[in-house]
Amino acid sequence: MTETQTTAEAVTTTRPTLLEARDLHVEFSSRGRRARAVDGVNLAIGEGEIVALVGESGCGKTTLARTLLGLERPTSGEVRYDGNPLTYTSKALKTYRRQVQLVLQDPTGSLNPRHTVYEAVAEGPRIHGLPDEQDLVSKALSHAGLRPPDRFFLRYPHELSGGQRQRVVIAGALALNPKVLIADEPVASLDASVRGEILALLLRLRDELGLSALVVTHDLGLAWNIADRVAVMYLGRIVESGPVEQVLTAPRHPYTQALMSVLPESPERVVLTGEPPDPTRIPGGCRFHARCQVLASGKAAEAGVHTRCRTEPLPILPATPEAQAACYYAETTTP
Amino acid sequence: MSLLELDDVSVTYRIASGDVPAVRGVSLTLDSGAALGVAGESGSGKSTLAMALLRLLPRDARVSGRILLDGEDVLAMKWGRLRAVRWAEASIVFQGAQHGLNPVRRIGDQIAEPLLVHDLAKPDAARGRVTELLEQVGLPAWRARSYPHELSGGQRQRVMIAMALACSPRLIIADEPTTALDVMVQAQVLTLIKELVAQQGISLIMISHDLSVLADVCDQLAVMYAGRVVEHGPSSEVFHDARHPYSRALAAAFPTVGDPASRMAPKGLGGDPPDPMHLPTGCSFHPRCPVALDECPTLDVELWAAGAGRVAACIHAKPATATAPASAPATEEPA
Ligand SMILES: Nc1ncnc2c1ncn2[C@@H]1O[C@H](COP(=O)(O)OP(=O)(O)OP(=O)(O)O)[C@@H](O)[C@H]1O
Ligand SMILES: Nc1ncnc2c1ncn2[C@@H]1O[C@H](COP(=O)(O)OP(=O)(O)O)[C@@H](O)[C@H]1O
Ligand code: SF4
Ligand code: SF4
Ligand SMILES: [Mg+2]
Ligand SMILES: [Mg+2]
């Protein structure tokens, strides 16, 4: 039924870093106020590694992803690829985008309805003036699971199912033989039944082509399905990160715990109330403190950290592969 | 007594290129105060069925069969009666409808509109009722003065629910009420819907392609494929132990985080969704079915009894008369 079923294997080896965010800040001005959409992020993606970036709507996931792609310039900090900081000249960026490709959210919106599948996939190779265009397109379509590829060349998006359209979008990204895919909600607009097929495809691309991927999502099940590591973002910062097995079976940050608790079938729910957090008004102290269930329940006070929760800013987590959480209370409960 | 009774309901869209049989002979009942989930992939006929219940279909749609709401035949209702029924007895929250709020009118006025139109309240009383409704959906009273763009997606969805509640209906039909929302907001909206069903005794039909969401909120689940109900039963049984291979594929699509079986093993369903104008012969699911038998392409499927209070339209669920002899005694054949 599925394309590939890789057996679960814990990631114990540290992979050499390919793409990295170092102390990254991205600010926008929004109605005369500063929106700190990304507010200090360290994140490393290793060779052949799949990292899931999760968090609620508006927490800065897409902004971080766009900055990693060079589509947005950081206010401070840097993006490094293969050991070198990004250069923001158009020539350097063009070369960079052959290595790091974006897969967009909504396959219907990201395909031109008047372009055939062939034209959609050939666009990248044409822009970069690559030889053997037809060969590149064929290979990309087969890798994306559209086989035999020539049967799809002349089809238009409306003649394809949602899953096939998403495969065309992925093929478009693969046509340039990139090293890293950055996928923003790759299955959010797809049906449940198609979802697994596309996720299996991302896993297979990693196995066959050694691709690395950053998958942006608010779906923790997706992270469980395909990611080696997960980074949980809240209001512009990564508040918890580490191997999926560890973070998603024993989350330590109260925000991660709340996200896990609203999954169907979890026994006790922590439904966070209040407005979605606003990057123009990041609270002092721990940025989660106004909504934190651990602080509200008095557990933080019992552990004697409540004052720090409210007043003392937490340090920015480093880009280490091991499990870590930015929380005063979590610190007191771990050996 | 049942609040809603569907007997052999079919809906066919007549379009230039031919007939589209979108719903094909659906029979279901819903008891007062009960919650029924309708699942199925995009195009399976869920929204068409929902709209048929209140005769909201476009002109080119032909409906047959019988739809009884509180014993009254919806298909035979006069226009005026139907209009009253639409708000006061049953109301519908549409898929993506939060985008359908009027952008230039305050939300309080929009919530009050059905009350005023149906003469259920004078303007003064309507204002009080709006406050009450906002409270019920967890929004502060001052939000009545907000415009839609000042609200988040989840808040707009709450406004839609408040509108649906305005005339105190006995039945709410919610078509994909949380599909576009992120996990935490989805949890907020689902909690709200569950409370309404439990505390106000409102009956619910909820439509989604996410079985886990439906299993969480509803007591009964019906799974649709190609315009037909292919499985029906108590929701946790259908979700955890589906009898139809299509329901099984839908249930497996969303993994349980922490379940080793789904770690690095996304499960999908191969093949394309059926084209309603060219449905496969026999069991419509046979081209995609992982456990199809030789006779499936010519099989006359019906909903066979598949355990207490359960039915499934699959030869494997058929009582042990035609297939290989089983040890279990043949259960009652449905008429
Ligand atoms: N160009 C911009 N100008 C002003 N504010 C912006 C801009 N882009 C993003 N923001 C703000 O920055 C914050 C982070 O936005 P971002 O799109 O990165 O969120 P996200 O985590 O991807 O959310 P979602 O899950 O809804 O896609 C939001 O508050 C958003 O409104
Ligand atoms: N107004 C319409 N005219 C013609 N065909 C339609 C119309 N609305 C829906 N359909 C078709 O009817 C089938 C069922 O659609 P729908 O009820 O929207 O499914 P779902 O809600 O399960 O996604 C699909 O094949 C769809 O293309
Ligand atoms: S630091 Fe304090 S407020 Fe922040 S998440 Fe931890 S316990 Fe909650
Ligand atoms: S009847 Fe046959 S094809 Fe249909 S679901 Fe059952 S096994 Fe599969
Ligand atoms: Mg985004
Ligand atoms: Mg629909």
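Atoms considered below: every heavy atom in the structure, side chains included; atoms not considered: hydrogens, waters and symmetry mates.
Heavy-atom neighbours of chain A within the stretch residues 250-258 of chain B, taken at a separation under 4.5 angstrom, comprise B:L250, B:A253, B:F254, B:P255, B:T256, B:V257, B:G258.
Residues meeting the ring-ring contact (aromatic ring centres under 6.0 Å, His included) test with A:F152, sequence neighbours left out: none. Qualifying side-chain hydrogen bond (donor to acceptor under 3.5 Å, both in side chains) partners for A:E47, counting only residues two or more places apart in sequence or in other chains: none.
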Practice task
May I have the step-by-step check of salt bridge (Lys or Arg N to Asp or Glu O under 4.0 Å) for A:R269 and B:D216, ending in yes or no?
Solution key: CA-CA 12 Å; A:R269 299 198 157 194; B:D216 186 34; 3.3 Å; yes
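Within the 4.5 angstrom heavy-atom criterion, only backbone atoms of A:A227 (N, CA, C, O) approach chain B. For B:S212, the parts sitting under 4.5 Å from any heavy atom of chain A are the backbone and the side chain alike.
Nearest heavy atom pair, residue A:G48 against residue A:S212, reads N-OG, 3.0 Å.
We find that A:R167 and A:E197 are joined by a salt bridge, their nearest charged nitrogen and carboxylate oxygen being less than 4.0 Å apart. The pair A:E49-A:R229 meets the salt-bridge criterion, with a side-chain N (NZ, NE, NH1 or NH2) lying under 4.0 Å from an Asp/Glu carboxylate O.
Annotation: maximal heavy-atom pairing with chain B below 4.5 Å, among A:L263, A:N225, A:V270, occurs at A:N225.
For residues 235-256 of chain A, the ring pair (Phe, Tyr, Trp, His ring centres under 6.0 Å) pairs, not counting sequence neighbours, are A:Y234-A:Y255, A:H253-A:F288, A:Y255-A:F288.
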